[in-house]
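Below is one structure, written out as structure tokens; comments come after it.
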Amino acid sequence: MTDHVLIFDTTLRDGEQSPGATMTHAEKLEIAEMLDDMGVDIIEAGFPIASEGDFKAVSEIAKRSKQSQICGLSRANFKDIDRCWEAVKHSARPRIHTFIGTSPLHRAIPNLDMDQMAERIHDCVTHARNLCDNVQWSSMDATRTEWDFLKRTVDIAIKAGASTINIPDTVGYTEPVESADLIKRLIEEVDGADTVIFSTHCHNDLGMATANSLAAVAGGARQIECTINGLGERAGNTALEEVVMAMRVRKDIMPYDTRIDTTKIMNISRRVSTVAGFPVQFNKAIVGKNAFAHESGIHQDGMLKNRETFEVMKPEDVGLSGTSLPLGKHSGRAALRDKLEKLGVEMGDNELKDMFVRFKALADRKKEVFDEDLIALIRQHDGVDDHLKLKDLTVICGMNGPQKATMVLEIDGEDKTVQATGDGPVDATFNAVKQLFPHGARLQLYQVHAVTEGTDAQATVTVRMEEEGRIATGESADTDTVVASAKAYINALNRLIVRREQTEVGYDEKAVSYKDTDA
């Protein structure tokens, strides 16, 4: 373990806590399978006590995992821990992760003094250890906890049977020197520290999550908690792709290994972005659209002579192709499959057949189909149950008077038609949907961006909607911005329908808060 760093992925738990990022049951299973396949050591599959949906997802992931440890999160009470164990026990390598906030601010939440909290930690870790021999304990908000008390709680957790001690920077408060020093001091001063693995969990509120995680490893941590694309609450978490590639590229100063198959990074990054509804910023390290793009003449000249002049890693290392194969309306299925494989996307024959039809329809409207166009086609076809389907849309615009939208919408197999007006073509379109399918959802976000350049570029539209505390995001792309808007709006409604049905049968994905309580 001296040179191996465990990768603990919490995309399905901490990442899914991002407002609007809730995933369906099928999406969670799909992402878990991809994480397992790429070599993630520990998958934190969810928070089983939070809802029946979370419990079922963690249980199913535990049953299906082939090589990863499957972990569930629990607060510091026996009810949470028991529920967590019921979910993860199906795994060949289960883990219980229990936590409590130890800083002065967080101790005030359950209204416990230091001695009471110390007793709670001992009892809960002991209880978890009696159920499972793989127990992780976290000191939430550790970086703002008094040193003497943090040291005391870590000592208690180790003696109670924890095998992994996580030191979270819950609010992204620390900096690299502090991060390394904190881990180093704990390892040096806590009895039994050499018998456990120390873990780091950093948030990105000050933009230092990756740096703090790598510094913690330098200080002796041998587990990094992270998420795909840095997904997570507020400014997000440490990005898996960043820490893994940093250790790979700079092995001269960070001589550590992971089990991650880095060639699978791009594919899972895109899939997480799709199901979460969180686009990856263009200049995002490793997985951003421009991460391996060069436009400057000087850069292009250097790249043509030797690509190492402006690239510290190969695009192939993260699942990208270094070459370009232009696609157009005369391209065949073999060319499409080749391009998708170079983009890191694998499709079965039936999926490819469907993708080819949509590709041809787009190619008929565009002179050239770029990589970004293909990615947009993949992202808009995300497998959500289609209670509502757009069959036809005609919009009339003019300088005078309201715009008109005539829509044919299939609702559970039945076609319905309506004409609506609005303040602009998109407003008229959304009003038409509301008339055909009345609902109380509130539009939180409407965002449009061009996938590529030119007047024939596809527009990608993202819509976020909220209904009674449930949030859903829809996304679609089309060369017609209004059509893309209608499809994204309908996609979000389809997701809300699924979550409404889940609530009606007795559970809600985010029904329980993370407040520490015995209730």
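- With 3.5 Å as the limit, one finds no donor-acceptor pair spanning the side chains of Gln444 and Glu466.
- Here the straight-line distance linking atom OG1 of Thr164 with atom CZ of Arg222 works out to 13.5 Å at 0.5 Å rounding.
- Using modelled atom types and a 3.5 Å distance limit, the side chains of Asp36 and Ser65 yield no donor-acceptor pair.
- To the nearest 0.5 angstrom, Leu240 atom CG is 10.5 Å from Ile286 atom CD1.
- Ionic pairing of Lys314 and Glu311 is not present here: no N-O contact between side-chain nitrogen and carboxylate oxygen is shorter than 4.0 angstrom.
- Using a 4.5 Å heavy-atom threshold, the side chains of Pro48 and Trp85 count as separate.
- Heavy atoms of other residues, nucleotides or ligands lying less than 6.0 angstrom from CD of Glu341 number more than 12.
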Test Thr174 against Ser179 for side-chain hydrogen bond (donor to acceptor under 3.5 Å, both in side chains), laying out the working first. CA-CA 6 Å; Thr174 195; Ser179 180; 5.5 Å; no
Test log, rule salt bridge (charged side-chain N to carboxylate O under 4.0 Å, His left out), inputs Glu188 and Lys184: CA-CA 6 Å; Glu188 290 175 346; Lys184 186 172 182 292; 2.7 Å; yes
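- Side-chain contact annotation: Arg120 with Gln116, donor-acceptor N/O pair under 3.5 Å absent.
- Each ring-ring contact (aromatic ring centres under 6.0 Å, His included) pair with one or both residues in residues 167-192, not counting sequence neighbours, would appear here, but there are none.
- Using a 4.5 Å heavy-atom threshold, the side chains of Ile42 and Arg93 count as separate.
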Go through the steps to decide whether Arg271 and Glu27 satisfy the test salt bridge (charged side-chain N to carboxylate O under 4.0 Å, His left out), and finish with yes or no. CA-CA 9 Å; Arg271 189 57 186 147; Glu27 289 167 348; 5.0 Å; no
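- No side-chain donor-acceptor contact under 3.5 Å links Thr102 and Thr153.
- Atom CG in Asp148 sits 8.5 Å away from atom CE in Met114 (nearest 0.5 Å).
- Between the CG atom of Asp41 and the CZ atom of Arg95 there is a distance of 9.0 Å, given to the nearest 0.5 Å.
- Ion pair Asp141/Arg107 not flagged as a salt bridge, since none of the NZ, NE, NH1 or NH2 atoms sits closer than 4.0 Å to an Asp/Glu carboxylate oxygen.
- A donor and an acceptor atom, one from each side chain of His203 and Asn212, are nowhere located under 3.5 Å apart.
- Salt bridge Glu60/Arg64: present, at least one basic N to carboxylate O contact under 4.0 Å.
- With no hydrogens or angles considered, no side-chain donor-acceptor pair links Thr462 and Gln447 at under 3.5 Å.
- Side-chain contact, Glu225 with Gln136: a donor N or O sits under 3.5 Å from an acceptor N or O.
- Ion pairing of Arg470 with Glu467 is present here, as a side-chain N (NZ or NE/NH1/NH2) and a carboxylate O approach within less than 4.0 Å.
- Ion pair Glu119/Arg152 not flagged as a salt bridge, since none of the NZ, NE, NH1 or NH2 atoms sits closer than 4.0 Å to an Asp/Glu carboxylate oxygen.
- Between the CD atom in Gln223 and the CG atom in Leu6 there is a gap of 5.5 Å [rounded to 0.5 Å].
- Ion pair Lys66/Glu33 not flagged as a salt bridge, since none of the NZ, NE, NH1 or NH2 atoms sits closer than 4.0 Å to an Asp/Glu carboxylate oxygen.
- Once rounded to the nearest 0.5 Å, the distance linking CG of Asn491 with CG of Leu388 reads 10.0 Å.
- Proximity of a side-chain donor or acceptor of Asp169 to a complementary backbone N or O of Thr143 within less than 3.5 Å is not detected.
- There is a side-chain donor-acceptor pair under 3.5 Å between Asn166 and Ser199.
- Atom CG of Asp113 has more than 12 heavy atoms from other residues, nucleotides or ligands within 6.0 Å.
- Distance alone, capped at 3.5 Å, is enough to place a donor-acceptor pair between the Asp54 side chain and the Phe47 backbone.
- Side-chain atoms of Gln69 and Ser91, non-hydrogen and from C-beta on, never get closer than 4.5 Å to each other.
- Remark: His106 engages no residue in a ring pair (Phe, Tyr, Trp, His ring centres under 6.0 Å) (not counting sequence neighbours).
- Aromatic ring orientation, Phe430 versus Tyr446: perpendicular (interplanar angle above 60°, classes split at 30° and 60°).
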